[in-house]
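Below, all heavy atoms of this structure are taken into account, side chains as well, without hydrogens, waters or symmetry copies. A quick note: this is a predicted structure, and the numbers were derived from the prediction, not measured.
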Amino acid sequence: MDLALLRTFVTVHRAGSFTRAAALLGLSQPAVTSQIRTLERQLGRPLFLRKARGVTPTSVGDELAHRAAPHLDALVEIAEGGLEVEAPLRTLHLAGPPEFMAERVLPALVGMTGAEGPAVRLRTSFGSTDDVLEGLAAGHHDLAVATRRPRGTLLSAGTLCDEEHLLVAGTRWAGRFAPGAVRRGGAGALAKVPVVDVHESLPFARRYWTTVFDAPPPEHAALVAPDLRAVLSCVVSGAGLAVLPRYLCEDALLRGELVTLLEPPVPPLRTYFVAVRAGTQALPHIATAHEWLLRAAVAWG
């Protein structure tokens with residue numbers, strides 16, 4: 001059985017689409033279709049059910065993928081790693097949300113580019129979870145940090161860390177509240193305080209209000225800035241209140257520039273996942289970055 005046909009088959013199985021598999025393999029869609037048909041003729045059994053959007057593996061297709069994929073992945077690892085005593089310099093393409101990448105991910109991986117590191121070039125892209133997972137699936141990135149676990153078999157992901165969200169305000173606004181006022185009054189105590197968030201839909205405030213106060217979120221934001229670091233700067237400058245990750249505003253809290261308005265018994269958390277395309281996680285430069293991130297996440301708490 002031709003290994004090239006098996007490689008195409010496994011890629012289609014993971015991608016769930018001839019079109020997406022063709023992009024990952026650098027082939028035309030007709031070429032991928034032809035290879036799958038050739039393999040089906042050799043086996044005498046259909047491997048996929050064609051649908052309006054994408055394909056679904058048959059039971060035979062699932063069984064073949066289960067048996068073949070680990071061995072193909074091992075061969076790719078050998079081919080990519082080579083047999084040289086000194087490994088070639090590789091480029092690792094990362095993607096994720098800008099604030100978390102800047103404050104957490106890149107500082108954790110910067111040692112990989114140094115003289116004592118494993119000699120890897122880092123290239124970074126920023127975007128929303130939908131954007132970075134789509135880019136990872138299309139082969140534009142090698143590793144992505146996302147705030148939801150991807151679906152399907154093309155991408156695999158593990159939990160990286162949880163981030164705690166805090167309700168904070170600058171001293172100008174926080175000074176207007178008596179001790180315990182927000183705890184006693186709930187969302188109503190905040191009705192006249194301007195809200196700062198990253199989008200008109202108030203994603204951070206909405207989740208906090210729903211989770212902690214069990215109340216509808218504010219109707220609108222006084223200020224919208226599409227970067228949490230800008231939100232932090234605005235709140236420190238007196239723009240109002242915001243819901244921010246602890247890691248991002250901890251220094252401002254220590255300096256007394258921000259005040260936490262409420263300490264709920266169970267604060268809202270957002271989970272980060274680190275995702276790769278199936279079959280690539282064993283490649284040395286990707287495996288090393290994955291390991292370094294997991295090790296750093298322990299220190300992040």
Side-chain angles (χ1 to χ4, degrees), residues 11 14-15 20-21 23-26 73 76-77 79-82 87-163 198 203 226-232 244-248 269-301:
T11 304
R14 287 169 169 166
R20 179 169 282 178
L24 291 172
L25 292 167
D73 293 342
V76 170
E77 181 183 357
E80 291 283 345
L89 187 64
R90 301 299 303 270
T91 300
L92 181 70
H93 294 270
L94 309 166
E99 308 90 349
F100 192 77
M101 294 290 285
E103 300 292 329
R104 290 299 204 201
V105 173
L106 290 176
L109 298 181
V110 69
M112 292 182 65
T113 65
E116 298 180 1
V120 172
R121 300 186 187 98
L122 296 181
R123 298 294 183 266
T124 308
S125 298
F126 296 152
S128 67
T129 283
D130 288 342
D131 290 340
V132 300
L133 290 180
E134 182 177 342
L136 179 64
H140 302 316
H141 318 308
D142 300 312
L143 183 149
V145 176
T147 55
R148 65 172 173 82
R149 191 183 295 275
R151 299 175 181 175
T153 58
L154 178 60
L155 305 180
S156 62
T159 301
L160 181 60
C161 66
D162 291 327
E163 116 186 327
V198 296
D227 188 300
L228 287 172
R229 292 163 296 187
V231 171
L232 171 63
L244 290 170
R246 180 181 287 277
Y247 79 85
L248 193 62
L269 299 175
R270 181 166 69 167
T271 301
Y272 283 97
F273 301 92
V274 56
V276 298
R277 282 188 308 283
T280 66
Q281 56 265 54
L283 298 179
H285 63 307
I286 298 177
T288 300
H290 193 275
E291 180 185 349
W292 281 38
L293 282 178
L294 292 180
R295 190 186 309 146
V298 175
W300 299 338

Q. For the side chain of Arg277 and the backbone of His141, is there at least one donor-acceptor N/O pair under 3.5 Å apart?
A. yes
Q.
Does any part of the side chain of Glu99, heavy atoms only, come nearer than 4.5 Å to the side chain of Tyr247, both counted from C-beta?
A. yes
(Q) For Leu92, run the side-chain contact (heavy atoms from CB on, under 4.5 Å) check against Val120, Leu283, Thr124, Thr288 and tell me which one passes. (A) Val120
**Q.** Leu133 CG to Arg149 CZ distance, which is reported to the nearest 0.5 Å
**A.** 11.5 Å
Q: Return the minimal non-hydrogen interatomic distance between Thr159 and Leu294, and the atom names on each side.
A: O-CD2, 3.9 Å
Q | Minimum-distance pair of heavy atoms, taken over all atoms of Trp300 and Ala108 | A | CZ2-CB, 4.1 Å
Q | Pairing residues for Phe126 by the ring pair (Phe, Tyr, Trp, His ring centres under 6.0 Å) criterion, not counting sequence neighbours | A | none
Q | For Thr129, all residues meeting side-chain hydrogen bond (donor to acceptor under 3.5 Å, both in side chains), sequence neighbours excluded | A | Thr147
Q. Sequence neighbours excluded, which residues qualify as ring pair (Phe, Tyr, Trp, His ring centres under 6.0 Å) partners of Phe273?
A. none
Q. Measuring from Leu25:CG to Thr11:OG1, what's the distance to the nearest 0.5 Å?
A. 4.0 Å
Q.
When you compare the side chain of Arg104 with that of Leu293, does any pair of heavy atoms fall below 4.5 Å?
A. no
Q) Counting N and O atoms only, with roles assigned by atom type, does the side chain of Glu163 sit under 3.5 Å from a partner on the main chain of Pro245, one being a donor and the other an acceptor? A) no
(Q) Please give me the minimum heavy-atom distance between Met101 and Pro107, naming the atom from each residue. (A) O-CD, 3.9 Å
Q: Working to the nearest 0.5 Å, report the span between CG of Leu122 and NE2 of His93.
A: 10.0 Å
Q.
Looking at every heavy atom in both Leu24 and Gly139, which two are closest together, and how far apart are they?
A. CD2-N, 3.5 Å
Q) Should the pair Phe100 and Tyr272 be assigned to parallel (<30°), tilted (30 to 60°) or perpendicular (>60°) ring geometry? A) parallel
Q. Rounded to the nearest 0.5 Å, how far apart are CG of Leu155 and CG of Leu136?
A. 4.5 Å
**Q.** NE2-OG1 distance between His285 and Thr91, expressed to the nearest 0.5 angstrom
**A.** 8.0 Å
Q: Check whether more than 12 heavy atoms from other residues, nucleotides or ligands sit under 6.0 Å from atom CZ of Arg151, and answer yes or no.
A: no
Q) Looking only at heavy atoms, what is the nearest atom pair of Ala289 and Leu109, with distance? A) O-CD2, 3.7 Å
Q: Any chance you could measure Thr113, atom OG1, to Arg121, atom CZ, to the nearest 0.5 Å?
A: 11.5 Å
Q) Would you say the side chain of Val145 lies within less than 4.5 Å of the side chain of Val132, judging by non-hydrogen atoms? A) no
Q: List the atom of Gln281, the atom of Ala287, and the distance in Å for their closest heavy-atom pair.
A: O-CB, 3.4 Å
